[in-house]
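All remarks here apply to the structure that follows.
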Protein chains: 2
Amino acid sequence: MGTSHGSKPTLTSIARSLDLSIATVSNVYNHPERVSEGLQQRVLEAARKAGYPGPDAVARQFRRGKSDTLGVLFTDELSFALRDPASVSFLSGVASACEEAGLNLILVPAGPPLQTNRISSVSNAIVDGFIIYSVPDDDPHLQTALNRNLPSVVVDEPDSAPDTDWVGLDDQAATFELAAHLLAQGHRRIGVVTTRLGVSRYNGPATEERWLRARYAVQRNRILGLVNALAASGIPADELVVEERFDNSVEAGTAGLHALLDRRPDLTAICCLGDVLAIGALEGARQRGLSVPDDLTITGYDDVPEASRVGLTTIRQPLIEKGKIAGQMFLTREQGMPPRRRVLPTSLEVRRTSGPAPLQG
Amino acid sequence: MGTSHGSKPTLTSIARSLDLSIATVSNVYNHPERVSEGLQQRVLEAARKAGYPGPDAVARQFRRGKSDTLGVLFTDELSFALRDPASVSFLSGVASACEEAGLNLILVPAGPPLQTNRISSVSNAIVDGFIIYSVPDDDPHLQTALNRNLPSVVVDEPDSAPDTDWVGLDDQAATFELAAHLLAQGHRRIGVVTTRLGVSRYNGPATEERWLRARYAVQRNRILGLVNALAASGIPADELVVEERFDNSVEAGTAGLHALLDRRPDLTAICCLGDVLAIGALEGARQRGLSVPDDLTITGYDDVPEASRVGLTTIRQPLIEKGKIAGQMFLTREQGMPPRRRVLPTSLEVRRTSGPAPLQG
DNA sequence: CTGAAAGCGCTTACAG
DNA sequence: CTGAAAGCGCTTACAG
């Protein structure tokens, strides 16, 4: 294309070459109805010849004061978040809402810890607002995002962020329902595989003290729900064996199951606090020659697409819907509106990986 | 936070309140080493009090001329792309590369057709360059992106875009290998389930004429590879039965398998041109009471994570790696460099869903 | 170590 | 239907 003689074409250079005002050229792109047909054609033609791709995006948004872009803040490395089908389904819902509204979507990793006055990704992202997805309590990036004073909605965690909209689940109630199901099936010795409870890498048993102080509200509430249900049946909290894995991966689920069963071979049910972990646990059971659910019950959480295909008993949450709602909350937020709080329904999906507790050998 | 008396704080307002130049305040954020410790503290303190979140992102990037943001252009609705684990793995690789380089990632849907001089998402996105992911030949959004004269890399399709880097596979060679495997196992009557060959919604049989003209290079080349291999064994092209589905989903795979088998119950192998379709086809076989691979061989393409878990015979491509390479190509592109072309290796993964052709009944 | 000045490219009232 | 002018908030040489 006929670019390249001289400097980059701009609105100004096009206007000058046609002996028009820059306002008119701008109008051709922004308000074509204000410009006569003939002039429009002349301008577009000149632009084409000059290799002018239309108004510069940054300058435009600078002037207009908005970017038509929504930021999604992930706690984790992006590449990790994208390996978790639950996050991906959520994101897909956000994307639907964005597309309808003509918004672009920018993925912002919380990434490495902040330096005090260095400009981070979160500060640097050009967005009209944030969706903050599942971030630990007191995350510094969360603060940074909130400081920008843009309309934001928090998803899942932290469970109370001041002055922002929130959408998430009642995790305690949901796991209570799961526990009730397991108890009804005769399970008494239950193990839990959870993802990280703290921000630094740790894999191993999690004491009650540890999970009670977990910086991730979701995991904390899920375990709490389980414990409360057991307590209601007279099973003390320290009966619940919890194994923690930093990563949320299939491999972590397999490893978690082995760790649990090595420690307590008498467990009859393993509750994984995410489907990906559960799928890994299923593989672990296979490796040990245990048949599911006859020898061992395994459950998940989230109901990702693969869960139904492998027959996983799990707690369903409306992942895509959650993303759509988060997007909508952003779109409908208005100045001075009080923060909204939206609790989404969950349901227990009983499938093939859970069954009655085996009789004691 | 103590905002809200008067207008939004800016670099200028902070500078004025401290009786400093704006350059100094800017330096506190951008070049702290140029400012004395004491002054830094004073400025940061004043900023905190005023609720100033640091230099405005748009203004900053406007001035600097770069946005530290990479755009990924998807052909499809974003929400669809995110439902395809192959795209997601790819994206995850791109994200890795971006994170290392401190880039943000913006997801740009090609979305609805362009109006001539209206500003589209692609024009409006604030990015330093594009990764163009699997877009049909002659896509107008591709043109728009390329017109911006930003460093861009095309992934998979179209297979020849002028003046841009490209990364993808040798799809013909890859499917040739697959066909050779099937032929060796005695398969002669082979069906194909492909995703869309054109841009408008169509589900049904695809004639040779149709797939030869497919606007999606990937599908075209995969089918061509199959046909060539069959031809080499004396099986004419029109022996290959191709069923097309617009969506790339599990459901489409199931429907595709049924359509194929309703039409030609004597098929012994079904090649799905994507793993998600193959997973759906597996379900279809189950519904028909066919045992895989004894009654029917089913194969996929891509080797997404779930493929190995269900034992799917498939062609493996390095999805995450592909994303990383695309990101790296963008990062390492330099002015005046000739376009680079990177062909990634594929390999046939023989697993449990393929086997010898059943003897004729 | 700190400051005065230019200017990035555009859109938007407003006037004619 | 077209144009002159202001100004969005910042960073960067450059000078002192």
Side-chain angles (χ1 to χ4, degrees), chain A residues 6-43 46-47 50-68 117-119 123-126 128 148-150, chain B residues 6-43 46-47 50-68 117-119 123-126 128 148-150:
Chain A
S7 50
K8 198 164 131 266
T10 64
L11 203 53
T12 309
S13 74
I14 300 294
R16 193 154 32 213
S17 78
L18 255 30
D19 210 30
L20 289 168
S21 79
I22 56 168
T24 300
V25 179
S26 171
N27 278 336
V28 170
Y29 292 96
N30 291 291
H31 305 282
E33 71 286 358
R34 294 190 196 159
V35 180
S36 64
E37 262 298 324
L39 234 197
Q40 279 188 48
Q41 294 314 324
R42 273 180 64 212
V43 169
Y52 177 65
D56 178 82
V58 182
R60 180 159 197 270
Q61 285 161 43
F62 173 49
R63 177 58 237 226
R64 291 174 58 227
K66 57 199 285 289
S67 63
D68 294 322
N117 55 343
R118 236 42 223 260
I119 293 170
S123 311
N124 205 32
I126 299 193
D128 295 335
R148 288 184 62 178
N149 262 308
L150 265 18
Chain B
S7 51
K8 198 162 132 268
T10 65
L11 204 52
T12 309
S13 74
I14 300 295
R16 193 154 31 214
S17 78
L18 255 30
D19 210 30
L20 289 169
S21 78
I22 57 169
T24 299
V25 178
S26 171
N27 278 335
V28 170
Y29 292 96
N30 291 291
H31 305 282
E33 71 286 358
R34 294 190 195 158
V35 181
S36 64
E37 264 296 324
L39 235 197
Q40 279 188 47
Q41 293 316 322
R42 272 180 63 210
V43 169
Y52 178 65
D56 178 82
V58 183
R60 182 161 195 269
Q61 284 161 41
F62 173 50
R63 178 58 237 227
R64 290 174 60 227
K66 57 198 285 287
S67 63
D68 295 323
N117 56 344
R118 235 44 223 259
I119 293 170
S123 310
N124 205 31
I126 299 193
D128 295 335
R148 288 185 61 178
N149 261 309
L150 266 15

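Letters A, B, ... mirror the listed sequences (proteins, then strands); counts begin at 1.
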Can you tell me how far [atom2] of [N] sits from [atom1] of [X], to the nearest Å?
X	N	atom1	atom2	result
A:Ile14	C:dT11	CD1	P	13 Å
B:Ile126	C:dG9	CD1	P	14 Å
A:Arg16	D:dG3	CZ	P	14 Å
A:Ile22	C:dA13	CD1	C1'	14 Å
A:Tyr29	C:dT12	OH	P	16 Å
B:Gln61	C:dG7	CD	P	23 Å
A:Asp56	C:dT11	CG	P	9 Å
B:Arg34	C:dT2	CZ	P	13 Å

Between [X] and [N], does any side-chain N or O lie under 4.0 Å from OP1 or OP2?
X	N	result
B:Tyr52	D:dG9	no
A:Thr10	C:dC8	no
B:His31	D:dT11	no
A:Arg60	C:dT11	yes
B:Ser26	D:dT11	yes
A:Thr24	D:dG3	yes

- Query: Nearest to the side chain of B:Lys8, which nucleotide is it out of D:dT2, C:dC10, D:dG9?
  - Reply: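 Looking only at heavy atoms from C-beta outward on B:Lys8, the closest nucleotide is D:dG9.
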
- Item | Closest contact, heavy atoms only, A:Gly51 versus A:Pro9 |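 Between these two residues, the closest heavy atoms are O-CG, 3.7 Å.
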
- Query: Which atoms form the tightest heavy-atom contact between B:Ser123 and B:Arg148, and what is the distance?
  - Reply: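 Smallest interatomic distance, heavy atoms only, reads O-NH1, 3.1 Å.
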
- Item | 5'-most by nearest nucleotide on DNA chain C - B:Val35 or B:Arg64 |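 Per heavy-atom nearest nucleotide, the more 5' residue is B:Val35.
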
- Message: Judged by each residue's nearest nucleotide on DNA chain C, which is more toward the 5′ side, A:Arg63 or B:Glu37?
- Response: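 Result: B:Glu37.
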
- Message: Is there a side chain to side chain contact (heavy atoms under 4.5 Å, CB included) between A:Thr10 and A:Asp56? Walk through the geometry before answering.
- Response: CA-CA 8 Å; A:Thr10 64; A:Asp56 178 82; over 6 Å; no

- Message: Determine whether B:Glu33 and B:Asn27 satisfy the following criterion, side chain to side chain contact (heavy atoms under 4.5 Å, CB included), listing intermediate values before the conclusion.
- Response: CA-CA 8 Å; B:Glu33 71 286 358; B:Asn27 278 335; over 6 Å; no

- Query: Under 4.0 angstrom, heavy atoms only, what part of the nucleic acid is B:Leu39 near: base, sugar-phosphate, or nothing?
  - Reply: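 The residue B:Leu39 makes sugar-phosphate contact but no base contact.
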
- Pairwise distance CG(A:Leu20) to OG1(A:Thr12) - rounded to 0.5 angstrom: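 Reported to 0.5 Å precision, the distance equals 12.0 Å.
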
- Message: If the condition is side chain to side chain donor-acceptor pair (under 3.5 Å), which residues does B:Ser21 pass it with, not counting sequence neighbours?
- Response: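 Residues passing side chain to side chain donor-acceptor pair (under 3.5 Å) with B:Ser21: B:Thr24.
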
- Item | B:Ile22/B:Ile14 under side chain to side chain contact (heavy atoms under 4.5 Å, CB included): CA gap, chis, key distance, verdict | CA-CA 8 Å; B:Ile22 57 169; B:Ile14 300 295; over 6 Å; no

- Query: Could you spell out the base pairing of DNA chain C in dot-bracket, with Watson-Crick or G-U pairs whose two distances are under 3.5 Å, [ ] crossing and | to another strand?
  - Reply: |||.||||||||.|||

- Are B:Phe62 and C:dC8 stacked, counting the six-membered base ring, centres under 5.5 Å, planes under 30°?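 Here the ring of B:Phe62 and the base of C:dC8 are stacked, with centres under 5.5 Å and planes under 30°.
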
- B:Gln61 side chain to A:Phe62 backbone, donor-acceptor under 3.5 Å: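 No; judged by distance alone, with no hydrogens or angles, the pair does not exist.
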
